[in-house]
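Each chain gets a letter, A, B and so on, in the order its sequence line appears, and its residues count up from 1. Note that the structure is predicted; figures quoted are calculated from it, not measured.
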Amino acid sequence: MSISIDAIRESFISAVGYLPQTLALVLIPLLLGIVLGTLVAFARVYKIPVLSQFFSCFIPVYQGIPIVVALLIYQLVYLMKCDDVLKFFHSSKTIADIDNIVVGLFALSLMMLCNVSEIMRGALLSIDKGQNEAAYAVGLSTVQAIRRIMIPQIIPVAIPTMVNSTVGLIKATSIVYAVGIAEVLSGALVPASRRYTFFEGYLAAAFLYWMLTIAVEMAYQFAEKKSGSFRR
Amino acid sequence: MGDLFNFGRFLHNIPILFPYLIENVKILFYATLFGVLLGLLVAAVRMKKPPVLYQLITVYISFMRGTPMLVQLMLIYYGLPLVIDPLFGWNIGRTWEPSIFAYATFVLNQGAFLSSIFISAIEAIPKGQSEAAYSVGLTGLQGFYRIIAPQAVRIALPPFGTDFIGVLHNASLVYVVGVVDLVGRAKAIGSATGHVLEAYLFVAAIFVLCSLAVRIWFGALSKKLDYRNRGEAE
């Protein structure tokens, strides 16, 4: 049994260099997911026609597709059709000018949209219906009721499940490596493939992901304490 | 390049791909069967809190929760030979099927995730129930099997279903260690014929159908086990 500490360190340093890509793959889908997912959840709970029917079909179906299969499909369509789309918009750019990270961002954002909308819908449904009626009774409009009554209450309800979803997102960013997008895992494997120290490379990547998820859990604990303060 | 999707090729791929679903089902089966056993053991350790072992288990669970499945698969794939080969003088990196490494990873992973589900289900049962079991003369184990466990199973069922679908999805990653499952076979079709979109779409459709079926099945199961509200509903 021979594990080279030196190789782990080298892989770790190389992986940290790719941290910006991984953080982009986490933060952008997370932000898009929270904003769009919450809108979708409201659309479904308030039963906006067409939109609510569409999403109540689309979300369970899309959640049935493993992220790796979705990524492989998007990657394929991107490789085959990107040039055609650019030509359609009369752009002088070609596929070589576009970073393939957009494929990962798209797949992960769509995944987060579905996950967050389910979480927010559950949180919205957990709020007593009487609260909405009480808000109308004191003369608030629907938008005011959502902003002042509903949103402050769904945040603390949603946070514990959002932790799992965000940790799931961080772990899913490693899968974009399978379609050749540069991020932490591929960064850790750069020295590994040169020195043939794959075990050490994956170990270094594992430590980095582990630290990221622990940091996310701590951040959410802090947010939970802050946002739930009105309850005490 | 022009024709990305051809319905004839899609139909042609179905009989080729379908048999490889068994590889995903096998992973699901082993992960669930041995994962439940390991999960129960881990849950017992986490509730009884024996010194040393408890701390080790805490680190193990944190690691399994905090690192991606892809990385865990690769760590087992490259790491298990490093541990076992010198110990027993075998050469498992060459001789074992890649699927064995996949099974090992999924069992270890499920042991961690299922133990959390089991613990939260057991802790959801009011403490008074086990005290009542003691007071009528049941031993600790009897009380667990006859009073606590039947109720805990009902509580654990919905998160177990979610976890089950998660394993089904994660099992699509095993192609990276060389297991020929649905995705692995679809990729092979791609490199043989140059047309792969149809194969991927069929794989996606299979996963969607399986996930929906599992979801409906678990929904029906938890309704059936919900003996408390059964009388009122009708």
Given the options Ser174(A), Ala172(A), Gly201(A), which has more heavy-atom pairs under 4.5 Å with chain B than any of the others?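 Counting heavy-atom pairs under 4.5 Å, the top option is Ser174(A).
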Residue, of Ile175(A), Ile170(A), Val167(A), Leu212(A), that accumulates the most heavy atom pairs under 4.5 Å with chain B: Ile175(A)
Could you pull out the closest heavy-atom pair between [X] and [Y], with the gap in Å?
X	Y	answer
Leu82(B)	Phe199(A)	CD1-CD2, 3.5 Å
Val208(B)	Val61(A)	CG2-O, 3.4 Å
Val71(B)	Ala206(A)	CG1-CB, 3.7 Å

Sort [X] into side chain, backbone, both or neither according to what part of it lies under 4.5 angstrom from a heavy atom of chain B.
X	result
Asn164(A)	side chain
Tyr177(A)	side chain
Glu217(A)	side chain
Leu185(A)	side chain
Leu76(A)	side chain

Point-to-point distance, once rounded to the nearest 0.5 Å, from [atom1] of [X] to [atom2] of [Y]:
X	Y	atom1	atom2	value
Ile206(B)	Ile65(A)	CD1	CD1	12.5 Å
Leu70(B)	Thr173(A)	CG	OG1	10.0 Å
Gln63(A)	Phe207(B)	CD	CZ	15.5 Å
Tyr209(A)	Phe63(B)	OH	CZ	12.5 Å

Residue [X] versus chain A: region with a heavy atom under 4.5 Å:
X	result
Val196(B)	both
Tyr175(B)	side chain
Ser211(B)	side chain

Give every residue pair that meets the salt bridge (Lys or Arg N to Asp or Glu O under 4.0 Å) criterion with at least one member in residues 100-122 of chain A, sequence neighbours excluded. Arg44(A)-Glu118(A), Glu118(A)-Arg121(A)
Hey, is CZ on Phe29(B) packed in by over 12 heavy atoms from elsewhere, all under 6.0 Å?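 No, because the 6.0 Å sphere around CZ of Phe29(B) holds 12 heavy atoms or fewer from other groups.
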Check the surroundings of atom CD in Glu97(B): do more than 12 heavy atoms from other residues, nucleotides or ligands lie under 6.0 Å from it? no
Taking the side chain as every heavy atom from C-beta outward, state whether Leu72(A) and Lys187(B) have any atom pair closer than 4.5 Å. yes
Sort by residue number and list every member of residues 164-174 of chain B having a non-hydrogen atom under 4.5 Å from chain A. His169(B), Ser172(B), Leu173(B)
With a 3.5 Å distance limit and no angle check, can you tell me whether Lys171(A) reaches the backbone of Arg65(B) through a side-chain donor-acceptor pair?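 Side chain of Lys171(A) to backbone of Arg65(B), a donor-acceptor pair under 3.5 Å: yes, one is there.
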Between Trp210(A) and Ser62(B), is there a donor-acceptor pair closer than 3.5 Å when you use the side chain of the first and the backbone of the second? yes
